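Inspection log for the structure reproduced underneath, given as structure tokens.
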Amino acid sequence: MNFEYFIAKRLIKGKEHKSSILTPITKIAISAIAIGMIMMLITVATGIGLQRKIREKVAAFNGHVLISSFDNNSSVESLIPITTNQDFYPEFEEVEGIQHLQGVATKIGLIRTETDFDGVVVKGIGKDYNWDYFKEYIVEGRIPNFEDKVNDEILLSSYFANRLGLKIGDKAITYFLKKNSSSNSQPNIRAFKIVGIYNSGFQEFDETYLFADIRHVQRMNKWKPDEVGNFEVFIDDFDKIDEKGQQIYENVPSTLDSQTITLKYATIFEWLKLFDLNIIGIIGIIILVAGINMITALLVLILEKTPMIGILKALGTTDWSIRKIFLYNAGYLILIGLFWGNLIGIGLLLLQQKYGVVGLNPETYYVSTAPVYIDIGYVILLNAGTMVLCMIMLLIPSYIVSKISPTKSIRFE
């Protein structure tokens with residue numbers, strides 16, 4: 001058996017039957033490691049979770065890359081139609097990693113009730129629309145049926161439903177200006193039937209969009225059935241969005257433009273990048289505090305075992321061998337702290353993930369509850385990093401062993 005490990009093991013077992021000043025110091029050190037691990041797990045899980053949830057919501061309304069006409073000039077409303085007779089539609093085979101492609105069109109309107117009114121952007125969608133990205137936000141009713149002949153079914157946000165006093169089954173009377181018409185002309189009127197209500201928690205989108213059949217927009221704009229306002233492209237790896245966005249741009253006709261959502265909503269995604277710096281800063285501070293507590297515990301242990309150190313030196317044990325004994329001991333304390341930290345931390349995260357105990361202000365964070373993302377990869381990395389960094393920090397204070405004189409320490413006993 002390893003000599004240093006054997007002595008360290010005896011010291012660990014011996015502390016269970018001996019009351020000394022080391023006992024509270026040890027408990028404090030273990031608690032510091034445990035609390036630190038809990039905080040790091042929560043910080044990383046909620047930070048990454050918030051980033052992923054927000055970008056999922058932005059993508060649900062826009063796709064990852066938008067293909068539109070240059071003549072639209074970034075207008076909220078689709079002005080210039082694009083034909084669906086494109087080489088890249090319906091399958092974008094020129095670029096790998098494209099998950100889905102769909103054609104949509106938008107038109108600005110006005111919803112009016114007997115007592116109130118509000119502006120809205122009607123997003124026209126068709127048979128190619130993939131609801132997998134959006135169906136989790138539907139809180140009441142069902143998805144509109146746009147597969148058959150054109151109908152008046154719509155999906156309205158809970159924001160508009162609450163503001164205008166509308167509910168499932170009600171008619172949403174919506175007015176649209178006619179294209180190229182004079183100010184005195186009668187508007188287009190659509191009596192949409194509400195069959196579903198959604199709530200994404202993303203206020204910027206919820207107070208803007210309702211979803212309707214794209215054929216309404218095509219008819220009001222006098223477009224052909226094969227014309228849309230723009231295409232939404234979904235990719236299978238968000239981390240490659242800039243790369244895929246460039247490839248898409250290079251593979252669409254020169255009359256069309258493409259833009260990633262990270263550019264269109266640059267403010268939001270720049271804000272999300274700050275989370276990475278915050279996470280790194282918090283982890284650094286926590287590990288530093290935990291390391292200082294472990295250093296204190298190690299120094300107290302060395303001072304308490306000074307007579308034992310003198311005896312070991314008198315028997316010919318090297319300084320490095322004695323240092324390893326105390327490092328093994330400190331490593332054991334770190335492992336105990338990590339065990340309890342992981343147990344409590346992951347338990348709290350699972351509780352939040354299932355029940356959403358901690359809420360957030362959606363106007364500030366774009367989500368109503370703190371999202372959690374648990375991945376075994378970063379859990380292992382946090383544990384390994386904490387262990388390694390704490391042990392490195394303990395190498396320096398363990399050097400005090402070499403300064404202890406055998407004769408003085410033995411006489412001290």
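Note that the structure is a prediction, hence the values are computed from the model and not measured.
- Counted within 6.0 Å of CD1 on I396, heavy atoms from surrounding residues, nucleotides or ligands total 12 or fewer; the atom is thus considered open.
- Side chains of Y133 and Q99: a donor-acceptor N/O pair is present below 3.5 angstrom, by distance only.
- Residues L335 and M387 meet the side-chain proximity criterion, which asks for heavy atoms closer than 4.5 Å.
- Between the CZ atom in F238 and the CG atom in D236 there is a gap of 13.0 Å [rounded to 0.5 Å].
- The environment of CD in E136 is crowded: more than 12 heavy-atom neighbours from other residues, nucleotides or ligands sit within 6.0 Å.
- One distance of note links CG of N199 with OH of Y137; it measures 10.5 Å at 0.5 Å rounding.
- A 6.0 Å sphere centred on NZ of K240 holds no more than 12 heavy atoms belonging to other residues, nucleotides or ligands.
- The side-chain heavy atoms of V217 and V228, taken from C-beta on, include no pair separated by under 4.5 Å.
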Could you go step by step and tell me if F205 and Y265 meet the ring-ring contact (aromatic ring centres under 6.0 Å, His included) rule?
-> CA-CA 12 Å; F205 295 143; Y265 299 98; 5.6 Å; yes

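- Within a 6.0 Å sphere centred on OH of Y365, other residues, nucleotides and ligands contribute 12 heavy atoms or fewer.
- Checked against side-chain contact (heavy atoms from CB on, under 4.5 Å), E94 has the following partners two or more places apart in sequence or in another chain: D87, F88, F92, N251.
- Applying side-chain contact (heavy atoms from CB on, under 4.5 Å) to I168 and the options V195, L156, I197 leaves one that passes, I197.
- For an aromatic pair to be called close, the ring centres must be under 6.0 Å apart, and F134 with Y198 satisfies this.
- Between N85 and D226, the side chains place a donor N or O and an acceptor N or O closer than 3.5 Å (distance only, hydrogens not considered).
- E93 CD: 12 or fewer foreign heavy atoms inside a 6.0 Å radius.
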Test ring-ring contact (aromatic ring centres under 6.0 Å, His included) on H216 and F192 and set out the steps.
-> CA-CA 10 Å; H216 287 294; F192 292 125; 5.3 Å; yes

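- Ring geometry for H64 against F234 counts as perpendicular: the plane angle is over 60°, on a 0 to 90° scale with 30° as the lower cut.
- Rounding to the nearest 0.5 Å gives a distance of 7.5 Å between OG1 of T262 and NZ of K273.
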Determine, step by step, whether I33 and N293 satisfy the side chain to side chain contact (heavy atoms under 4.5 Å, CB included) criterion, reporting the C-alpha distance in whole Å, the side-chain angles of both residues, the deciding distance to 0.1 Å, and the verdict.
-> CA-CA 8 Å; I33 294 292; N293 278 277; over 6 Å; no

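- Ring-plane geometry between F61 and F211 is classed as tilted, the angle between the planes lying from 30 to 60 degrees on a 0 to 90 degree scale.
- In the model, D206 has a side-chain atom that pairs as donor or acceptor with a side-chain atom of S200 under 3.5 Å.
- No more than 12 heavy-atom neighbours from other residues, nucleotides or ligands sit within 6.0 angstrom of CZ on R219.
- Rounded to the nearest 0.5 angstrom, Q259 CD and I67 CD1 are separated by 12.0 Å.
- A search for side-chain contact (heavy atoms from CB on, under 4.5 Å) contacts involving V121 returns V76, T106, I108, T208, Y209, not counting sequence neighbours.
- Taking 4.5 Å as the limit, every side-chain heavy atom of T369 sits out of range of all side-chain heavy atoms of Y355.
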Run the side chain to side chain contact (heavy atoms under 4.5 Å, CB included) check on V44 and I283 step by step: do they pass?
-> CA-CA 9 Å; V44 175; I283 290 175; 3.7 Å; yes

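- Ion pairing between a basic and an acidic side chain is recognised when a charged N comes within 4.0 Å of a carboxylate O; K264 and E232 show no such pairing.
- Under 4.0 Å is where a charged nitrogen must lie from a carboxylate oxygen, and between E153 and R142 at least one such pair does.
- Looking at heavy atoms from C-beta onward, V367 lies out of side-chain contact with F202 at the 4.5 angstrom threshold.
- The CD1 atom of I248 sits 10.0 Å away from the CG atom of L66 when rounded to the nearest 0.5 Å.
- Under the 4.5 Å side-chain criterion, counting only non-hydrogen atoms from C-beta, D276 is in contact with Q51.
- If you take NE2 on H100 and CG on N130, they are separated by 4.5 Å, rounding to the nearest 0.5 Å.
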